[in-house]
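A short write-up of the structure that comes next.
Source: prediction; values computed, not measured. The analysis underlying the following values was restricted to heavy atoms, covering all of them including side chains, and did not include hydrogens, waters or symmetry mates. Numbering of ligands and ligand atoms starts at 1, following listing order.
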Amino acid sequence: MEETKKRMISGIKPTGHLTLGNYIGAIKQFIKYQDDYELLVFIADLHALTLPIDPKELRQNTKDLISVYLACGLDPEKVVLFKQSDVHEHAELGYIMACNSNMGELSRMTQYKDKTQKISNKESIPTGIFIYPALMAADILLYDADYVPVGIDQKQHVELTRDLAIRFNSHYSDTFKVPEPVINKQGAKIASLSAPEKKMSKSESDKGTIYLLEDLNVIRKKIMSAVTDLGHEIIYDPENKPGVSNLLVIKSSLSGIAISDLEKKYEGMGYGEFKRDVADTVCEHLKGLQDKVREIQSSGAIDKILADGAAKASYLASKKLNKVYRKVGLRANK
Ligand code: ATP
Ligand code: LTN
């Protein structure tokens, strides 16, 4: 008898142009897992509203994100691919989770602190960014996911999801599966090329960010001017050589060559030649991806894929939300 597969769920916000960090830290993992797990991958468009965003941009980002998911190899025959806002249960359970979380735990979230630090008038911090983790918990708990593959920056949110699930279960009786985060060993935090102490991020556009769909010549230039470190050795030493180590992680993640083998290959090589080699690998990879994205966008297949995905996700989500509504007293407890 075939063993039932464990379930996994993850999503990316369509907040900006996708980066190499999103690809290596998140999307590449999804592809790896699609055969062995029952995988759901969604476009976290409700989350994209938590900070101001232009509607036109949100629409374009959403189209790009689904195209990139498909171009990278997520197979809609194996994976449930959908848009969060197409499944209304996310917002509804998000509200219930917000009612079951507290100000203390939400204000301790690092992402909340980081994102609001830049807003000088604290009175104007949007409420959505504060309750973001409650919606993220709903995204996960709706589907009884066993695992949540994310980059390291999202680990804290998955841990809060676990706390909220355990609290709900003990208050109202067993309702949610308690999920676990899955963080990949390598590439969980791709750094900015210009400031290697910072995460490469799609909402902080700078010359240190490689966008998956940008001009390949620009990408090459960004890699050639990446900050390297003192000395001339090409070795993996994130403490003392964050710039070089980041480039090694990028090269290794895209080529599949172990970092220790790369260190041997680059022994005695100068930084310039090293960067050229990394740029060749990145550009070769992204050229293939960009060609596929163009093909998918002109194929007209996207709407149907998202509609099918939403139907499958809604089936699971509505069952869970009904159960929750009964437990909390919003429905007859039959
Ligand atoms: P924003 O800048 O809007 O916060 P982001 O680039 O951090 O966005 P998210 O939508 O928050 O992207 O993240 C999508 C997924 O990509 C998450 O699993 C996240 O951990 C992962 N991720 C994002 N940036 C990186 C990075 N630099 N290295 C590795 N993984 C990353
Ligand atoms: N918060 C995540 C995106 C996200 C997510 C999720 C990831 C929203 N809901 C559920 C995994 C599971 C982010 O900012 N990367």
Do [X] and [Y] pair up side chain to side chain, a donor and an acceptor below 3.5 Å, judged on atom types alone?
{"X": "N100", "Y": "H171", "answer": "no"}
{"X": "Y325", "Y": "E92", "answer": "yes"}
{"X": "K327", "Y": "S173", "answer": "yes"}
{"X": "N240", "Y": "D237", "answer": "yes"}
{"X": "K251", "Y": "T281", "answer": "yes"}

Note to self: Would the distance check show the side chain of D86 and the main-chain N or O of A310 forming a donor-acceptor pair, the cut-off being under 3.5 Å?
What the structure shows: no
Out of all atoms in ligand 1, which are within 4.0 Å of some heavy atom of [X]? Include the element for each.
{"X": "G151", "answer": "18 (O), 19 (C), 20 (O)"}
{"X": "G25", "answer": "29 (C), 30 (N)"}
{"X": "K199", "answer": "5 (P), 7 (O), 23 (C), 24 (N), 26 (C), 27 (N)"}
{"X": "T15", "answer": "3 (O)"}
{"X": "K115", "answer": "1 (P), 2 (O), 3 (O), 4 (O)"}
{"X": "A26", "answer": "15 (C), 16 (O), 18 (O)"}

Near [X], which atoms of ligand 2 are under 4.0 Å from a heavy atom of that residue?
{"X": "H47", "result": "8 (C), 9 (N)"}
{"X": "V148", "result": "11 (C), 12 (C)"}
{"X": "S10", "result": "7 (C), 11 (C), 12 (C)"}

Check: Should the pair F176 and F168 be assigned to parallel (<30°), tilted (30 to 60°) or perpendicular (>60°) ring geometry?
Finding: tilted
Notebook entry, point to check: Can you tell me how far the CD atom of E159 sits from the CD atom of E105, to the nearest 0.5 Å?
Noted result: 13.0 Å
Under 4.0 Å from ligand 1, counting heavy atoms only, is it the side chain of [X], its backbone, both or neither?
{"X": "D153", "result": "side chain"}
{"X": "Q111", "result": "neither"}
{"X": "K13", "result": "both"}

Check: For ligand 2, is there an atom lying under 4.0 Å from some heavy atom of I12?
Finding: no
So, is [X] polar-close to ligand 1, with some N/O to N/O distance under 3.5 Å?
{"X": "I190", "result": "yes"}
{"X": "Q154", "result": "no"}
{"X": "V150", "result": "no"}
{"X": "I12", "result": "no"}

Next item on the list: Identify, for atom 9 (N) of ligand 2, the protein heavy atom at the shortest distance, and state residue, atom and that distance.
Entry: D139 OD2, 2.6 Å
Check: In terms of residue, atom name and distance, what is the protein heavy atom nearest to atom 1 (N) of ligand 2?
Finding: Y132 OH, 2.7 Å
Notebook entry, point to check: Between H232 and Y271, does the ring centre distance come in under 6.0 Å?
Noted result: no
Next item on the list: Would you please indicate yes or no on a ring centroid separation below 6.0 angstrom for Y95 and H90?
Entry: no
Margin query: Using a 6.0 Å cut-off, check whether atom NZ of K78 has over 12 heavy atoms from anything other than its own residue.
Written below: yes
Item checked: Over 12 foreign heavy atoms within 6.0 Å of NZ, K122 -> yes
Item checked: Of the listed options G25, G94, P181, G11, closest to atom 4 (C) of ligand 2 (non-hydrogen atoms) -> G11
Next item on the list: Given ring pair (Phe, Tyr, Trp, His ring centres under 6.0 Å), test Y112 with H157 step by step and report yes or no.
Entry: CA-CA 10 Å; Y112 170 72; H157 288 158; over 10 Å; no
Next item on the list: Return yes when N22 approaches ligand 1 closer than 4.0 angstrom through a heavy atom, no otherwise.
Entry: yes
